[in-house]
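Below is one structure; the comments refer to it alone.
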Amino acid sequence: DAGVIQSPRHEVTEMGQEVTLRCKPISGHNSLFWYRQTMMRGLELLIYFNNNVPIDDSGMPEDRFSAKMPNASFSTLKIQPSEPRDSAVYFCASSFVGAAYEQYFGPGTRLTVT
Amino acid sequence: GESVGLHLPTLSVQEGDNSIINCAYSNSASDYFIWYKQESGKGPQFIIDIRSNMDKRQGQRVTVLLNKTVKHLSLQIAATQPGDSAVYFCAEGGGGADGLTFGKGTHLIIQP
């Protein structure tokens with residue numbers, strides 16, 4: 001059974017470039033979460049969706065960050081333009097709606113902005 | 001001022017001994033609490049959860065204790081094995097929101 005799938009696993013880009021991170025949740029799960037992990041701030045929630053609808057985006061750092069979930073099996077997190085301080089590991093997690101106490105995480109995308 | 005990174009607490013345990021990892025949580029309105037294990041280069045892996053109306057829950061080789069009076073959570077791992085080496089995070093959620101709030105993490109090191 002495939003878990004949460006994220007791509008790319010590693011991304012290196014230059015400041016000012018657009019970055020798109022992708023996530024495929026576990027089949028059947030209808031809640032999807034984006035988190036960011038840095039040494040400075042640990043693991044932080046950025047945004048989450050229930051049934052493809054964004055519910056809480058208060059963790060999104062600023063307008064340079066946007067997330068979409070066009071269907072139940074795909075979500076993107078976009079940073080435009082990227083900055084060096086966006087360097088982090090970005091995780092996607094999924095769960096059933098109402099069962100967010102059991103979220104399953106993907107392997108993460110390690111983003112480096114130079 | 002100069003910024004510093006997180007300095008994770010470290011717990012060093014002999015193989016075969018029991019480990020106890022502690023966590024203080026912040027929101028008394030949280031409905032559930034979860035322990036995750038994160039190995040180097042991987043995403044957090046779900047271990048066990050406990051609801052706010054419980055004070056103890058047991059899994060395979062793990063026990064989670066919840067003390068709401070002092071907002072304290074602990075994870076006990078029995079007969080610690082080399083494969084238990086990882087960073088362990090507690091997380092809290094609920095109270096009207098599904099996103100999790102994570103603690104800083106504890107690095108568990110197993111001595112042979």
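By convention in this document, chain letters (A, B, ...) are assigned in the order of the sequence lines, proteins followed by strands, and residues within each chain are numbered from 1.
When each of Gly103(B), Pro44(B), Gly43(B), Gly99(B) is checked for heavy-atom pairs under 4.5 Å with chain A, Pro44(B) comes out on top.
Of the two parts of Phe89(B), only the side chain, counted from C-beta on, holds a non-hydrogen atom closer than 4.5 Å to a non-hydrogen atom of chain A. The contact between Leu100(B) and chain A is made by backbone and side chain atoms together, counting heavy-atom distances below 4.5 Å. Only the side chain of Gln38(B) comes within contact range of chain A, with at least one heavy atom under 4.5 Å from a heavy atom of that chain.
In the hydrophobic clustering of ILVMFWY residues, with side-chain heavy atoms under 4.5 Å counting as a link, Tyr36(B) and Leu43(A) come out together. Residues Leu65(B) and Ile50(B) are members of separate hydrophobic clusters, defined by side-chain heavy-atom contacts under 4.5 angstrom among Ile, Leu, Val, Met, Phe, Trp and Tyr.
In this structure, Lys68(B) places its NZ atom where more than 12 heavy-atom neighbours from other residues, nucleotides or ligands lie under 6.0 Å away. In Met15(A), the CE atom is not crowded: 12 or fewer heavy atoms of neighbouring residues, nucleotides or ligands sit closer than 6.0 Å. For Glu62(A), the CD atom is densely surrounded, since the number of other residues' heavy atoms within 6.0 Å is greater than 12.
In terms of modelled atom types and a separation under 3.5 Å, the side chain of Thr80(B) and the main chain of Asp17(B) share a donor-acceptor contact.
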Start with the C-alpha gap between Ser26(B) and Glu92(B), add the side-chain angles, then the distance that decides, and say whether side-chain contact (heavy atoms from CB on, under 4.5 Å) holds. CA-CA 8 Å; Ser26(B) 57; Glu92(B) 57 184 303; 3.2 Å; yes
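For residues 84-114 of chain A, a heavy-atom distance under 4.5 Å to chain B picks out Phe91(A), Ala100(A), Tyr101(A), Glu102(A), Gln103(A), Tyr104(A), Phe105(A), Gly106(A), Pro107(A), given by residue number.
Side-chain contact, Asn50(A) with Asp98(B): a donor N or O sits under 3.5 Å from an acceptor N or O.
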